[in-house]
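Inspection log for the structure reproduced underneath, given as structure tokens.
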Amino acid sequence: MKKPNTFYITTPIFYPNAELHMGNVYPVTLCDILARYHRAKGDTTYFLTGSDEHSTKVVKMAEKAGKSTEEFLEGTVGSFKTLFGALDISYDQFIRTSDREVHWPGAVLMWNKLVEAGDIYKKSYSGLYCVGCEAFVTEKDLIKGKCHYHDTVPELLEEENYFFRLSKYTEKVKDKITSGELMVMPDSRKAEILALLDRGLEDVSFSRPASKNPWAIPVPNDPTQTMYVWCDALVNYISAIGYGRDDAMFETYWPADFHVIGKDILRFHAAFWPAMLMSAGIPLPKTILVHGMILSGGRKMSKTLGNVIDPQILITEYGKDALRYFIARHLSTFEDSEITPESYKDAYNANLANGVGNLVSRVMKMVVSYDISYEIVKGENKLIKEYSAHLDRFEINKAIDIIFTKIGELDAFIQTSQPFKTIKTDIKKAQTDIVYLAQELHAVGEALAPFMPETSASIMSLVVSKKTPEKPLFERKA
Ligand code: ME8
């Protein structure tokens, strides 16, 4: 039985067919903020991310690169981990679905449970398949014959596959979502999935012929078939924490508190996944959080469309905390947001270079120049108390706004109290004001920890050691 104060959060697992773009690091950063917040609260926290490796597009890309699939994957997965390191992503595990020890036992056990429940059957099938989505699609999913996410014409496939009786679970999944036992946030996405359930679910293909998909996990007792990508991929959320191999770990963390996903994969998470779990007799996750999409040139930023912004370039140019800041504050958590190089630079200059960076320099310069003495009093941090309620509801934008409003107030306080002037006429007042500023700046630093860990540590260290920064925390960009 999962204990209270245990927090398990997951990102989608990413297709390692190309480098990650801003859209991919987005959910990872959101999860990292939440994981850091829960760890700081003292919760037993587990943060999972990883790669979804049994996709046909991975195999195709490896072929194109003239490499074996394994060799190709070592390269892309290695670069995912390097990027997450460069962004201070504090994941506890990076699961790879090709991992035969960690992932495969769970995938096989899940398959066997679905079979035991009578929910797997074999049938011939012909349908349209979008490789970008790694899913069979229907005419109504298409715009002018093309997938609206990937702008590609789906392939017509004719195969014998194993099917999962998803249709049997339509009403059951609907009940779980309507009753709030399985929360889907925000409400607009809950309405979207309920509308889909109202139209009814069709059974789905859960395997492909091994000849066409040899790289995937073999179906138990039928080597001619391998598991189809979603049936295998969704299981990562439980295999990673021990399903099929470590019951104690599984009991500690399951059910997940948050599966964080983009709206493009809502139906897989809010229809397929609960149905599979119910069929296998496993409790459902608590909440599915659906974040907005990052748009570039008005379209979803996507590897397949090629309209991507490379997060590594932004990190090199502006620093990792600037990217974390932008994601937390300037991308709407639940709605779609457009990102441009100009909007990024403007936000950076206004709020980091001229905002928090400038405030730190001004306050610490006064502390050092006027030799102000103080002891930082550690007590309840009002900013953290205030933003907790927001973070508990995944309102990341509102939470970080609280800190930046405070930064604005401290700037205004310097403008009105002018300690750099009163130091000549009323030393006591100037000293009191600067001590107040240092104390508040420390609180800002502490509150920033989940959002901007490096900046948080720098601010607290400068205030405690009474030093000015050697160079501005955020250099202004021309
Ligand atoms: O779908 N804006 O992997 P994936 C915001 N392997 N988020 C975006 C985005 C954008 N433009 N583009 C991608 C898969 N994302 C499957 C998932 S989970 C069991 C399997 C984010 O590499 C978004 O969260 O295509 C999306 O759901 C995730 O990247 C999928 O990335």
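Worth knowing before you read on, the calculation uses all heavy atoms, side chains too, and leaves out hydrogens, waters and symmetry mates. Positions are given from 1 along the sequence. Order of listing sets the numbers, starting from 1, for every ligand and every atom in it.
With no hydrogens or angles considered, no side-chain donor-acceptor pair links Tyr228 and His54 at under 3.5 Å. Thr10 and His259 are linked by a side-chain donor-acceptor pair at a separation below 3.5 angstrom, with hydrogens and angles left out of the test.
Both the sub-6.0 Å distance and the 45° axial angle are satisfied by Lys123 relative to the ring of Phe163.
For atom 29 (O) of ligand 1, the closest non-hydrogen atom on the protein side is Asn24 ND2, 3.2 Å. For atom 7 (N) of ligand 1, the nearest protein heavy atom (residue, atom name, distance) is Gly23 O, 2.9 Å. Closest protein heavy atom to atom 2 (N) of ligand 1: Ile294 N, 2.7 Å. With respect to atom 24 (O) of ligand 1, the closest heavy atom belonging to the protein is His291 NE2, 2.8 Å. Of the protein's heavy atoms, Met301 O, 2.8 Å lies nearest to atom 11 (N) of ligand 1.
The residue from Ile13, Val25, Thr11 that puts a heavy atom closest to atom 17 (C) of ligand 1 is Ile13. Compare Phe268, Tyr237, Tyr15, Phe80 by their heavy atoms: the one nearest to atom 18 (S) of ligand 1 is in Tyr237. One option in Met22, His269, His21 has a heavy atom closer to atom 12 (N) of ligand 1 than any other, and that option is His21.
At a threshold of 4.0 Å, the pair Lys398-Glu386 does not count as salt-bridged, since none of the basic side-chain nitrogens sits closer than that to a carboxylate oxygen.
For Gly292, the closest heavy-atom approach to ligand 1 falls below 4.0 Å.
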Practice task
Report the C-alpha distance between Ser343 and Asp346 in whole Å, list the side-chain angles of each, state the deciding distance to 0.1 Å, and finish with yes or no for side chain to side chain donor-acceptor pair (under 3.5 Å).
Solution key: CA-CA 5 Å; Ser343 63; Asp346 289 350; over 6 Å; no
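In terms of modelled atom types and a separation under 3.5 Å, the side chain of Tyr243 and the main chain of Trp254 share no donor-acceptor contact. Under a 3.5 Å cut-off, the side chain of Asp246 and the backbone N or O of Ile241 do not form any donor-acceptor pair.
Under the 30°/60° scheme for interplanar angles, the aromatic rings of Phe47 and Tyr91 are found to stand perpendicular.
For ligand 1, the atoms closer than 4.0 angstrom to any heavy atom of Ala233 are 19 (C). Set against the non-hydrogen atoms of Asp52, the atoms of ligand 1 under 4.0 Å away are 6 (N), 16 (C), 20 (C). Taking every non-hydrogen atom of Gly262 and a distance limit under 4.0 Å, the qualifying atoms of ligand 1 come out as 23 (C), 24 (O), 27 (O).
Between Asp264 and ligand 1, at least one N/O pair is under 3.5 Å apart. No N or O atom of Ile265 sits closer than 3.5 Å to an N or O atom of ligand 1.
Note that CD1 of Ile309 and CE of Met301 are 4.0 Å apart. Values are rounded to the nearest 0.5 Å.
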